[in-house]
Visitor: 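Pasting in a structure now, in structure tokens, and then I'll have a few things to ask.
Residue numbering restarts at 1 for every chain, and letters A, B, ... go by the order of the sequence lines.
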There are 2 protein chains.
Amino acid sequence: MPKRVDHGERRTEIAEALLRVAGRRGLHAVGMRDVAAEAGVSLRLVQYYFETKEKLLLHGLEHLAERFGERVAARVRAAGDAPGPRAVIEALLMASLPSDEESRTFHLVYTSYAVLAVTDPALAAQPFIRNPDAAEDTLTELLRQAREAGLTQADLEPRVEAISLLAMSAGLGTGVLVGQRDTRSAAALLRHHVDRIFTGGE
Amino acid sequence: MPKRVDHGERRTEIAEALLRVAGRRGLHAVGMRDVAAEAGVSLRLVQYYFETKEKLLLHGLEHLAERFGERVAARVRAAGDAPGPRAVIEALLMASLPSDEESRTFHLVYTSYAVLAVTDPALAAQPFIRNPDAAEDTLTELLRQAREAGLTQADLEPRVEAISLLAMSAGLGTGVLVGQRDTRSAAALLRHHVDRIFTGGE
DNA sequence: AACTTGATGGTACGGTCGTATCACAAAGAG
DNA sequence: CTCTTTGTGATACGACCGTACCATCAAGTT
């Protein structure tokens, strides 16, 4: 046998190449040859590790979601040791706003995938429901904790506010992406609503 | 000269064919030939009335925005004669949620356009800023009127709430589109926030 | 040493896409 | 009646795309 290469590692490299070029030129414009060139390998290798383009896209989406999850987790950790629910919530919301190149790419590519998934049944809706639902559950639980700790009004509905904040974050993110709004004003808007929620207790 | 055909009319027919097929199979999958078949004309005619695909897309986007504007206006009118700001606001928000086939297509195609516009400088960012900005101004003005009429808290910030509601509506709309959420719960969420805003006055 | 097998490169095939070209019919203008 | 112009059809071209096929090299195995 030859070199014995770690398939998982190689697949990750190629998937990240896919995300990079998708972030630059849009997911719709990404071909197998572009991915190969970006990853510095031959077209054949992309075929070798992902037999078909559809599998490449699917793996790319999973990898994107995973990397984004790690990014959010890192931001939350950076919010300090033993941060309160509010700090965690703010970190969580801010992390998903397009600010630097990475989060901008994330937003763009994720939205592209979503659009594709609506019409293409092959790109299972799975990842588009599981991950957002997980974020929703997490945020709901954080708000519930805040309410129990008396940091919010007693009649706060955690899930309602969680869904609202995430929907707002997504909508604002799109606005930033198309250049309608800048990141700072979007962040200020989100903080305004966090302020609103964290009022009435204390 | 031959038949002397109304160009504007024909362009509209073709643009609507574009929107129909884009709504079914996704904007990324739409070719000139698909549009021609959907409109019941030959490929050549599509080329004749829109020289290039890019111009076809651009005109399609403008037509989409226009039709959507009319739709919202109709919904607002249907809210009754001399409706209060609140009824108008609710009608405005609900109309832009994907409920029937038309609004679902609108959301999908508009999002597709937005994704394309991020990377393709030819698809001018114009329509993606002008129209949302107009909606934002309209909603801001409605909220300001409501505040002046004492229907809301006196310290309400009209523009902040307008942007928030529209961003939420967009985010929720995407959620509905990908099947994460159903239309009724999204509508209920929006109404919840309208309720929140229209409180404290009276 | 011969063989097997995983990793890789090169390249060709069939299809589709946007666009361009050529041809022609029909309807007024002179 | 001829001529010009507008609308319409058919088809061809060149590019690109995803996929498939074939060859080759390297590293163990027997």
Side-chain angles (χ1 to χ4, degrees), chain A residues 1-15 17-22 24-61 109 112-113 115-117 119-123, chain B residues 1-15 17-22 24-61 109 112-113 115-117 119-123:
Chain A
M1 302 154 187
K3 297 189 200 167
R4 281 288 288 284
V5 151
D6 184 332
H7 274 227
E9 201 171 292
R10 194 76 92 156
R11 284 165 61 93
T12 297
E13 285 173 18
I14 295 177
L18 162 67
L19 297 182
R20 280 197 301 275
V21 55
R24 283 202 306 270
R25 302 215 293 270
L27 189 61
H28 64 283
V30 176
M32 307 279 281
R33 287 165 177 84
D34 303 288
V35 176
E38 175 75 22
V41 300
S42 75
L43 168 62
R44 180 66 181 86
L45 275 218
V46 179
Q47 288 188 262
Y48 183 68
Y49 290 104
F50 305 89
E51 282 116 57
T52 183
K53 186 185 184 181
E54 181 190 306
K55 293 182 183 173
L56 170 61
L57 289 180
L58 227 32
H59 185 83
L61 174 57
V109 178
S112 302
Y113 271 119
V115 168
L116 289 190
T119 45
D120 189 342
L123 255 56
Chain B
M1 299 150 187
K3 297 187 200 167
R4 282 291 288 279
V5 151
D6 184 332
H7 274 226
E9 202 171 293
R10 195 76 91 154
R11 283 166 62 92
T12 297
E13 285 172 19
I14 296 178
L18 161 68
L19 296 181
R20 280 196 302 274
V21 56
R24 282 202 308 269
R25 302 215 294 271
L27 188 62
H28 64 283
V30 176
M32 307 278 282
R33 287 165 179 85
D34 303 288
V35 176
E38 175 75 22
V41 300
S42 75
L43 168 62
R44 180 65 181 87
L45 276 218
V46 180
Q47 287 187 263
Y48 183 68
Y49 290 103
F50 305 89
E51 284 116 56
T52 183
K53 187 185 185 183
E54 181 190 307
K55 294 181 183 173
L56 170 60
L57 290 179
L58 228 32
H59 184 82
L61 175 56
V109 178
S112 303
Y113 272 118
V115 167
L116 289 191
T119 44
D120 189 341
L123 255 55

Visitor: Please report the distance, rounded to the nearest Å, between CE in Met32(A) and P in dG15(C).
Guide: 19 Å
Visitor: For residues 26-35 of chain A, which residue pairs pass the side-chain hydrogen bond (donor to acceptor under 3.5 Å, both in side chains) check, not counting sequence neighbours?
Guide: Arg25(A)-Asp34(A)
Visitor: Considering every strand and a 4.0 Å limit on heavy-atom distances, what is the contact class for Val30(B): base, sugar-phosphate, or nothing?
Guide: sugar-phosphate
Visitor: Would a 4.5 Å heavy-atom cut-off, applied to side chains only, mark Leu45(B) and Ser42(B) as touching?
Guide: yes
Visitor: Figure out the CD/P separation between Glu13(B) and dG7(D), and round it to whole Å.
Guide: 14 Å
Visitor: Check whether any side-chain nitrogen or oxygen of Tyr48(A) sits under 4.0 Å from OP1 or OP2 of dA7(C), and answer yes or no.
Guide: yes
Visitor: Scan residues 50-59 of chain B against DNA chain C and write down, sorted by residue number, each residue with any heavy atom closer than 4.0 Å; if none is found, say none.
Guide: Thr52(B), Lys53(B)
Visitor: List the residues meeting side-chain hydrogen bond (donor to acceptor under 3.5 Å, both in side chains) with Arg10(B), not counting sequence neighbours, and say none if there are none.
Guide: none
Visitor: Base contacts versus sugar-phosphate-only contacts with protein, heavy atoms under 4.0 Å: please encode nucleotides 11-16 of chain D as B, S and - from 5' to 3'.
Guide: -B----
Visitor: Rounding to 10 degrees, work out the angle separating the end axes of the helix from dA1(C)-dT30(D) to dG30(C)-dC1(D) (five pairs an end).
Guide: 20°
Visitor: Classify the nucleic acid contact of Val46(A) as base, sugar-phosphate or nothing, counting any heavy atom under 4.0 Å across all strands shown.
Guide: nothing
Visitor: List the atom pairs, donor and acceptor, that lie under 3.5 Å between side-chain atoms in residues 48-58 of chain B and the rest of the protein, sequence neighbours left out.
Guide:
| residue | atom | partner | partner atom | Å |
| --- | --- | --- | --- | --- |
| Glu51(B) | OE1 | Lys55(B) | NZ | 3.1 |
| Lys53(B) | NZ | Val30(B) | O | 3.2 |

Visitor: Could you give the distance from CD1 (Ile14(B)) to CG (Leu19(B)), rounded to the nearest 0.5 Å?
Guide: 12.0 Å
Visitor: Find the distance Leu45(A):CG to dA23(D):P and express it as a whole number of Å.
Guide: 19 Å
Visitor: Counting only side-chain nitrogens and oxygens, does Tyr49(A) get under 4.0 Å of the OP1 or OP2 atom of dT8(C)?
Guide: yes
Visitor: Rounded to whole Å, please give me the gap between CG in Asp34(B) and P in dC17(C).
Guide: 6 Å
Visitor: Considering all heavy atoms of both residues, which atom of Thr119(B) and which atom of Gly26(A) are nearest to each other, and what is their separation?
Guide: CG2-N, 3.3 Å
Visitor: Do you know the tightest heavy-atom contact between Val35(A) and Ala17(A)?
Guide: O-CB, 3.9 Å
Visitor: Please list all pairs passing the salt bridge (Lys or Arg N to Asp or Glu O under 4.0 Å) test where one or both residues lie in residues 37-46 of chain B, with sequence neighbours left out.
Guide: Arg20(B)-Glu38(B), Arg24(B)-Glu38(B)
Visitor: Look at the side-chain N and O atoms of His7(B) and state whether any lies under 4.0 Å from the OP1 or OP2 oxygen of dG7(D).
Guide: yes
Visitor: Rounded to whole Å, please give me the gap between CZ in Arg4(B) and P in dT8(D).
Guide: 13 Å
